[in-house]
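First comes the structure, then the notes that go with it.
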Amino acid sequence: MAKYDRVYNFSAGPSTLPVEVLEKCRDQMMNYEGTGESVMEMSHRSAEFKKIIEDAEQNLRDLMNIPDNYYVLFLQGGGTLQFSMVPINLLTKSKKADYIVTGNWGKKAYQEACKFGDIRCVASSEDDNFSYIPKVTPEDIRDDVDYVYICWNNTVFGTHCNEMPNIGDHLLVADMSSCILSEEIDVSKFGLIYAGAQKNVAPAGVTIVIVRKDLVGHAPENTPIYLDYATHCKEGKVSMYNTPPCYSIYVAGEVFKYLKSIGGVAEMHRRDVEKAGKLYGYLDQSKLFKPSVAKEDRSLMNITFVTGDPELDKKFIAGAKERGMINLKGYRTVGGMRASTYNAMPMEGVEALVDYMKQFEDENK
Ligand SMILES: *Cc1c(COP(=O)(O)O)cnc(C)c1O
């Protein structure tokens, strides 16, 4: 990345974006397609912005094969607001939901949902510091729940659901904040998927919600207007009830175009597997660095590892920074290191990291 003197940013989020997209945003910054203004300054009711948001939606639909009976929304409030919007909107019949707690974000979602109904934690891996994905069977789930909830990729711990949870016919809701667009997903198997953009899609500020149409419109009377999905689903005004996070939506749209240009999610996934494989391959034979989570539940996006010696971890992280590799410190409850290898992290970044790990291991035998 010599051209711009950029670092390899392994941050868990906000995180690195494709250079090609940043360059295009730069080129369009002062005068977007001859309008004489920046997208930052543009009326969200203008024809130009209408095209930006509609193209973004269509390109995301194409990339993820989103069926027509789902809305695609671009909302504010981050993943965190979805912790509340999901139960407010989906606890409509029994007001019961079962949560599979796979990490700290899932735990937060569970705690928030408890304010709105009869919520049960049906499985959790907290007993082992969330180092694996807990399994369930259909018998574990209460018959009449309105939905079952799971966080698909655990940003903090580095685990990922590598198979569909075994929940029978129940409606499934998933937080895909840190893995959206890194793997092909059958959207029709989910009632609702959401993802904050700042991990794998765009700058912070926009949250993608993909929700089955029949699930919208059943929120209680006294629901604050912004928190009712129905507010954002009006024909011709989707995601346009109030001012949407325009610039983040524009960048997300450019990322979608970029993904399409390289061959879509299948090609992105192939590259992500290759990148993560390089790092896990090294970890699996290293005598110094150890991966932190169960092998079968490994994430392609957040790769956690330790030396076992906190002082050595510190030294490693400081040395990485000197070499232009930043944000490798693990989350405070996990310690060690976390390398986030999101879509926009180039293979060269992972290679530079592995080269440094080899050197560090040699020097610290
Ligand atoms: C980052 C993250 C969140 C929280 O997102 P905010 O936008 O900060 O509210 C929720 N879930 C997952 C899986 C995350 O990675």
Side-chain angles (χ1 to χ4, degrees), residues 9-17 73-88 99-113 115 121 124-126 129-134 147-162 165 172-183 185 190 192-211 226-227 239 244-245 247-249 251-252 255 272 276 292-293 297-304 327 329-334 338-345:
N9 179 8
F10 289 94
S11 169
S15 40
T16 190
L17 287 164
L73 308 177
F74 298 111
L75 303 182
Q76 309 208 36
T80 300
L81 191 57
Q82 295 311 308
F83 299 167
S84 331
M85 281 179 78
V86 164
I88 288 171
Y99 276 60
I100 304 169
V101 177
T102 57
N104 74 324
W105 292 118
K107 189 175 170 187
K108 284 191 171 150
Y110 162 74
Q111 287 166 338
E112 182 66 9
K115 296 176 183 169
C121 168
S124 168
S125 49
E126 194 170 12
N129 202 26
F130 296 116
S131 62
Y132 66 99
I133 300 288
Y147 65 92
V148 177
Y149 180 101
I150 193 163
C151 178
W152 209 253
N153 184 78
N154 294 290
T155 325
V156 166
F157 301 94
T159 59
H160 172 270
C161 295
N162 290 319
L172 185 59
V173 173
D175 176 358
M176 296 197 183
S177 292
S178 50
C179 60
I180 189 165
L181 295 169
S182 68
E183 62 192 309
I185 288 283
F190 298 82
L192 187 150
I193 293 169
Y194 70 83
Q198 71 272 25
K199 313 290 164 66
N200 222 7
V201 178
V206 61
T207 305
I208 296 163
V209 176
I210 301 165
V211 56
Y226 194 89
L227 304 192
S239 306
Y247 199 78
S248 295
I249 292 169
V251 183
V255 169
D272 287 333
S292 304
V293 303
D297 299 326
R298 285 174 172 177
S299 167
L300 296 178
M301 299 280 104
N302 311 99
I303 301 176
T304 51
N327 291 320
K329 191 169 186 291
Y331 193 77
R332 110 193 105 69
T333 56
V334 187
R338 170 178 52 179
S340 294
T341 50
Y342 292 124
N343 285 356
M345 173 58 65

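Start at 1 and go down the list; that is how both ligands and their atoms are numbered.
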Q: Please say whether Gly79 places an N or O atom under 3.5 Å from an N or O atom belonging to ligand 1.
A: yes
Q. Does ligand 1 have an atom that lies less than 4.0 angstrom from a heavy atom of Gly196?
A. no
Q. Taking the side chain from Asp297 and the backbone from Thr159, do they hold a donor-acceptor pair closer than 3.5 Å?
A. no
Q) Numbering the atoms of ligand 1 from 1, which are under 4.0 Å from a heavy atom of Phe83? A) 10 (C)
**Q.** Ligand-residue contact atoms, ligand 1 with Gly78, heavy atoms, under 4.0 Å
**A.** 7 (O), 9 (O)
(Q) For the residue pair Asn129 / Ser131, report whether a side-chain donor-acceptor contact shorter than 3.5 Å exists. (A) no
Q | Residue from Val201, Leu75, Leu73, Ile249 passing side chain to side chain contact (heavy atoms under 4.5 Å, CB included) with Val206 | A | Ile249
Q. Which of the atoms in ligand 1, numbered in the order shown and given with their element, are less than 4.0 Å from a heavy-atom of Thr155?
A. 12 (C), 13 (C), 14 (C), 15 (O)
(Q) Tell me whether ligand 1 is touched by Gln198 - counting only heavy atoms on the residue side and a distance under 4.0 Å. (A) yes
Q) Can Trp152 be said to touch ligand 1, with heavy atoms closer than 4.0 Å? A) no
Q. Between Tyr147 and Ala113, which heavy-atom pair has the shortest distance, and what is it?
A. OH-CB, 4.4 Å
Q) Can a non-hydrogen atom of Gly13 be found less than 4.0 Å from any atom of ligand 1? A) no
Q | Contact summary for Cys179 and Trp152, nearest pair of heavy atoms | A | SG-CD1, 3.9 Å
Q) Has ligand 1 got any nitrogen or oxygen that is less than 3.5 angstrom from a nitrogen or oxygen of Asp175? A) yes
Q. For atom 9 (O) of ligand 1, what's the nearest protein heavy atom and its distance?
A. Thr80 OG1, 2.5 Å
Q | Heavy atom of the protein closest to atom 1 (C) of ligand 1 (residue, atom name, distance) | A | Lys199 NZ, 1.5 Å
(Q) Applying the side chain to side chain donor-acceptor pair (under 3.5 Å) criterion to Thr155, which one of Ser340, Ser178, Ser299 satisfies it? (A) Ser178
**Q.** Tyr194 and Asp175, any side-chain heavy atoms less than 4.5 Å apart
**A.** yes
Q) How does Cys151 reach ligand 1, if at all, at less than 4.0 Å between non-hydrogen atoms: by side chain, backbone, both, or neither? A) side chain
Q | Heavy-atom closest pair, residues Met301 and Asn343 | A | CE-OD1, 4.0 Å
